[in-house]
Amino acid sequence: MFEKIAVVGAGTMGHGIAEVAALNGYVVFLCDISEEILREAIKKIEWSLRKMVEKGKLGNEELTLTLNRIRTTTSLEEAAKDSKLIIEAVPENLELKKGIFSRLDGMTHPETILGTNTSSLPISEIASVTSRPDKVIGIHFFNPPVIMPLVEIVCGDKTSKQTVDSVLTFIKTLGKQFIICRKDVPGFVVNRILEALIQEAAWIVHRGEASMLEVDSAVKYRAKLPMGLFELSDYVGIDVLYSAGKAIQDRDGGVIVSPLFEEYYKNGWYGKKSGKGFYTYTGDLWEKPKIPPELADKVNLEEIFAPAVNAAAWLLRNNVVDKEELDKAVILGLNFPEGILQMADKWGIDTLVQVLKIKRSKYGEYYKPDQLLEEMVANNRLGVKTRRGFYEYV
Ligand code: CAA
């Protein structure tokens with residue numbers, strides 16, 4: 001396996017990926033454009049490792065060893081030298097990523113695997129600027145990488161089986177689980193579903209159908225997601241979700257970014273990291289917004305989740321992933337209490353299709369129910385109530 005790896009980009013995801021790799025014995029070169037960003041990244045890694053020591057999950061000695069395995073540098077050449085695996089985690093800008101991949105291609109051993117942690121940009125296009133598209137692959141971690149169990153592997157058109165196998169072996173050494181997104185579709189599996197869900201929450205608030213706290217309360221206390229959707233947006237970064245959403249929208253219209261997100265993004269209200277997002281923060285990394293449980297019944301979950309189920313149906317119908325892997329993706333990548341297809345079966349496929357039809361009549365074609373959902377209704381595969389939906393029930 002790889003002894004030394006490099007992580008390019010020391011932001012929210014990059015520092016977390018470096019932390020996970022170092023925790024699992026790898027020497028990691030963490031690279032970014034300024035010493036200040038790198039200092040900040042190390043501070044966050046240290047904070048996270050200390051949290052683990054406090055919780056008894058890590059010893060003090062292991063903390064020191066882990067930190068010692070992380071070297072920081074502003075030189076891409078230094079990071080890339082002798083690394084057989086490089087994971088890029090710079091901001092979601094296609095031209096920026098292509099520039100980095102082109103440079104990495106010229107400065108690394110021809111066998112080096114070039115991975116990207118992109119959350120929605122096309123792997124094949126990033127690979128196209130290199131002389132080794134077979135060794136370019138999506139290695140998509142979830143925030144916080146040190147806690148979230150999933151890594152989503154995304155194949156570009158030319159990614160080789162050998163590359164996939166090597167990366168899967170690496171991921172297993174991190175103690176992570178994986179799903180494979182078979183096609184290079186916008187948003188891949190998890191973000192295509194997550195963006196549909198989060199943007200719908202924001203559309204609902206923008207249209208005045210419910211308040212932000214009502215949506216977050218319903219999602220957290222009734223759907224039992226670990227965080228409200230606005231809380232999660234602040235946590236992941238409104239800038240990150242805005243860019244990923246826009247990338248999906250521009251590529252195939254799989255989501256439509258809401259004006260609410262546009263407004264927050266343009267104002268620089270990125271969430272936790274900027275002190276203000278949908279909630280406000282004092283700077284304590286451990287801080288959580290207060291979401292009143294008593295508001296949980298003010299909005300129907302089907303209204304919030306129907307577009308995400310539609311996105312899931314699109315992924316299944318297009319053979320991007322199968323149903324078990326799709327549910328595994330949201331359970332391990334987003335900490336859902338159960339799969340979104342399992343939830344859909346409980347709500348009823350006919351109910352969800354009806355919700356989509358009403359939204360379509362009011363707000364347009366984006367809400368057109370996926371053909372798969374329409375066929376399920378026509379075939380009486382309505383979910384738990386008819387004992388057949390995405391799954392069979394006895
Ligand atoms: N470092 C170390 N430990 C951490 C940590 C970190 N960064 N974050 C949380 N923890 C630990 C805590 O110490 C705590 O440990 P114990 O169980 O031993 O007490 C545990 O994790 C749970 O933390 P909290 O009790 O503080 O909070 P929580 O129960 O709300 O869990 C969470 C935090 C795991 C982040 C949870 O809220 C969650 O799963 N949220 C959803 C996260 C999610 O969906 N991530 C994916 C976003 S999408 C993405 O990333 C992809 C993209 O491309 C945009």
Side-chain angles (χ1 to χ4, degrees), residues 9 11-20 22-23 41 43-58 62-63 66-67 87-92 97 116-121 123 138-154 176 179 181 186-199 201 216 219-221 223-248 255 257 261 270-273 279 284-291 308 329-337 340:
T12 310
M13 295 307 290
H15 87 263
I17 297 169
E19 179 187 356
V20 176
L23 265 171
K43 246 166 68 185
K44 287 193 183 136
I45 293 173
E46 219 176 316
W47 170 87
S48 167
L49 295 173
R50 290 210 185 286
K51 208 78 212 172
M52 289 185 215
V53 173
E54 262 172 45
K55 306 265 172 175
K57 294 176 189 162
L58 194 73
E62 283 170 282
L63 179 147
T66 303
L67 283 174
I87 303 176
E88 164 277 313
V90 304
E92 288 295 274
K97 288 186 193 272
T116 169
N117 180 59
T118 180
S119 49
S120 56
L121 296 171
I123 308 298
I139 310 178
H140 186 211
F141 287 79
F142 295 87
N143 192 5
V146 74
I147 299 285
M148 302 305 280
L150 189 76
V151 179
E152 183 176 22
I153 296 300
V154 189
K176 299 284 180 198
I179 63 143
C181 175
F188 317 131
V189 174
V190 178
N191 275 340
R192 199 164 175 103
I193 294 171
L194 179 66
E195 285 285 351
L197 181 58
I198 284 186
Q199 292 306 328
D216 267 7
V219 165
K220 196 171 162 107
Y221 299 110
K224 306 239 182 299
L225 265 54
M227 289 177 164
L229 295 172
F230 294 98
E231 179 187 10
L232 178 62
S233 302
D234 280 359
Y235 182 78
V236 172
I238 290 168
D239 52 334
V240 173
L241 291 170
Y242 174 83
S243 307
K246 272 281 179 207
I248 301 173
V255 72
V257 174
F261 254 76
Y270 293 161
K272 235 175 166 175
K273 64 181 150 196
Y279 298 90
D284 171 9
L285 285 176
W286 218 240
E287 190 177 353
K288 290 179 187 169
K290 293 198 174 41
I291 302 173
V330 299
I331 293 170
L332 300 180
L334 302 170
N335 272 345
F336 274 28
I340 191 161

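Note that ligands are numbered from 1 as they come in the structure, with each ligand's atoms numbered from 1 the same way.
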Q: Give the residue, atom name and distance (to 0.1 Å) of the protein heavy atom nearest atom 54 (C) of ligand 1.
A: Val236 CG1, 3.6 Å
Q) atom 35 (C) of ligand 1: which protein heavy atom is closest, and how many Å away? A) Tyr235 OH, 3.7 Å
Q. Which option out of Leu58, Val240, Ile147 puts a heavy atom nearest to atom 5 (C) of ligand 1?
A. Ile147
Q. Any idea which of His140, Lys220, Lys55 brings a heavy atom closest to atom 19 (O) of ligand 1?
A. Lys55
Q.
Give me the residue, atom name and distance of the protein heavy atom closest to atom 17 (O) of ligand 1.
A. Lys57 NZ, 4.1 Å
Q) Are any of the side-chain heavy atoms of Ile179 and Leu332 separated by less than 4.5 Å? A) no
Q: Let me see the working for Ile123 and Phe188 under side chain to side chain contact (heavy atoms under 4.5 Å, CB included), right down to the final yes or no.
A: CA-CA 10 Å; Ile123 308 298; Phe188 317 131; 3.9 Å; yes
Q) Taking C-beta and beyond as the side chain, do Phe230 and Ile291 meet within less than 4.5 Å on heavy atoms? A) no
Q) Tell me, which protein residue and heavy-atom name are nearest atom 50 (O) of ligand 1, and how many Å apart are they? A) Asn143 N, 2.9 Å
Q) For ligand 1, which part of Asn191 has a heavy atom less than 4.0 Å away: the side chain, the backbone, both, or neither? A) side chain
**Q.** atom 12 (C) of ligand 1 within contact range, any protein heavy atom under 4.0 Å
**A.** yes
Q) Can you check salt bridge (Lys or Arg N to Asp or Glu O under 4.0 Å) on Glu88 and Lys97, steps first, answer last? A) CA-CA 8 Å; Glu88 164 277 313; Lys97 288 186 193 272; 2.6 Å; yes
**Q.** Check: Lys51 N/O within less than 3.5 Å of ligand 1 N/O
**A.** no
Q.
For atom 38 (C) of ligand 1, what is the closest protein heavy atom, and at what distance to 0.1 Å?
A. Pro226 CB, 3.5 Å
Q: Check whether any side-chain N or O of Ser233 sits under 3.5 Å from a backbone N or O of Leu229 as a donor-acceptor pair, and report yes or no.
A: yes
Q) Where do Glu231 and Lys220 land on the side chain to side chain contact (heavy atoms under 4.5 Å, CB included) test, with the steps shown first? A) CA-CA 10 Å; Glu231 179 187 10; Lys220 196 171 162 107; 3.7 Å; yes
Q: Consider ligand 1: state whether an atom of it lies below 4.0 angstrom from any non-hydrogen atom of Gly333.
A: yes
Q.
With a 3.5 Å distance limit and no angle check, can you tell me whether Asn191 reaches the backbone of Ser120 through a side-chain donor-acceptor pair?
A. no
Q. So, the side chain of Asn117 versus the backbone of Gly14: is there a donor-acceptor pair under 3.5 Å, distance only?
A. no
Q. With a 4.0 Å heavy-atom cut-off (strictly under), which part of Leu232 contacts ligand 1: side chain, backbone, both or neither?
A. side chain
Q) Does Lys44 come within less than 4.0 Å of ligand 1, judged by its heavy atoms? A) no
Q) What part of Met13, side chain from CB on, backbone N/CA/C/O, both or neither, has a heavy atom under 4.0 Å from ligand 1? A) neither
Q: Output the list of atoms in ligand 1 that are nearer than 4.0 Å to some heavy atom of Ser119, sorted by atom number.
A: 53 (O)
Q | Any protein heavy atom < 4.0 Å from atom 40 (N) of ligand 1 | A | yes
Q: Give the residue, atom name and distance (to 0.1 Å) of the protein heavy atom nearest atom 9 (C) of ligand 1.
A: Trp286 CH2, 3.6 Å
Q. Where do Val236 and Asn143 come nearest, in terms of heavy atoms and distance?
A. CA-ND2, 3.8 Å
Q | Which segment of Leu194 sits under 4.0 Å of ligand 1 when only heavy atoms are counted | A | side chain
Q. So do Val240 and Lys273 actually touch side chain to side chain, heavy atoms under 4.5 Å?
A. yes
Q. Do any nitrogen or oxygen atoms of Asn335 lie less than 3.5 angstrom from nitrogen or oxygen atoms of ligand 1?
A. yes
Q: Starting from the C-alpha separation in whole Å, work towards a yes-or-no answer on side chain to side chain contact (heavy atoms under 4.5 Å, CB included) for Ile193 and Phe336.
A: CA-CA 12 Å; Ile193 294 171; Phe336 274 28; 5.6 Å; no
Q. Tell me: protein heavy atom nearest atom 33 (C) of ligand 1, and distance?
A. Met227 CE, 4.8 Å
Q. Which option out of Glu195, Glu287, Lys288 puts a heavy atom nearest to atom 29 (O) of ligand 1?
A. Lys288
Q. Can you check whether Ser119's main-chain N or O pairs, donor with acceptor, with Glu92's side chain at less than 3.5 Å?
A. yes
Q.
I'd like to know whether Arg50 forms a salt bridge (Lys or Arg N to Asp or Glu O under 4.0 Å) with Glu54, so could you lay out the CA-CA distance, the side-chain angles of the two residues, the decisive distance to 0.1 Å, and finally the verdict.
A. CA-CA 6 Å; Arg50 290 210 185 286; Glu54 262 172 45; over 6 Å; no
Q | Which residue and heavy atom of the protein sit nearest atom 2 (C) of ligand 1, plus the separation | A | Ser48 OG, 3.2 Å
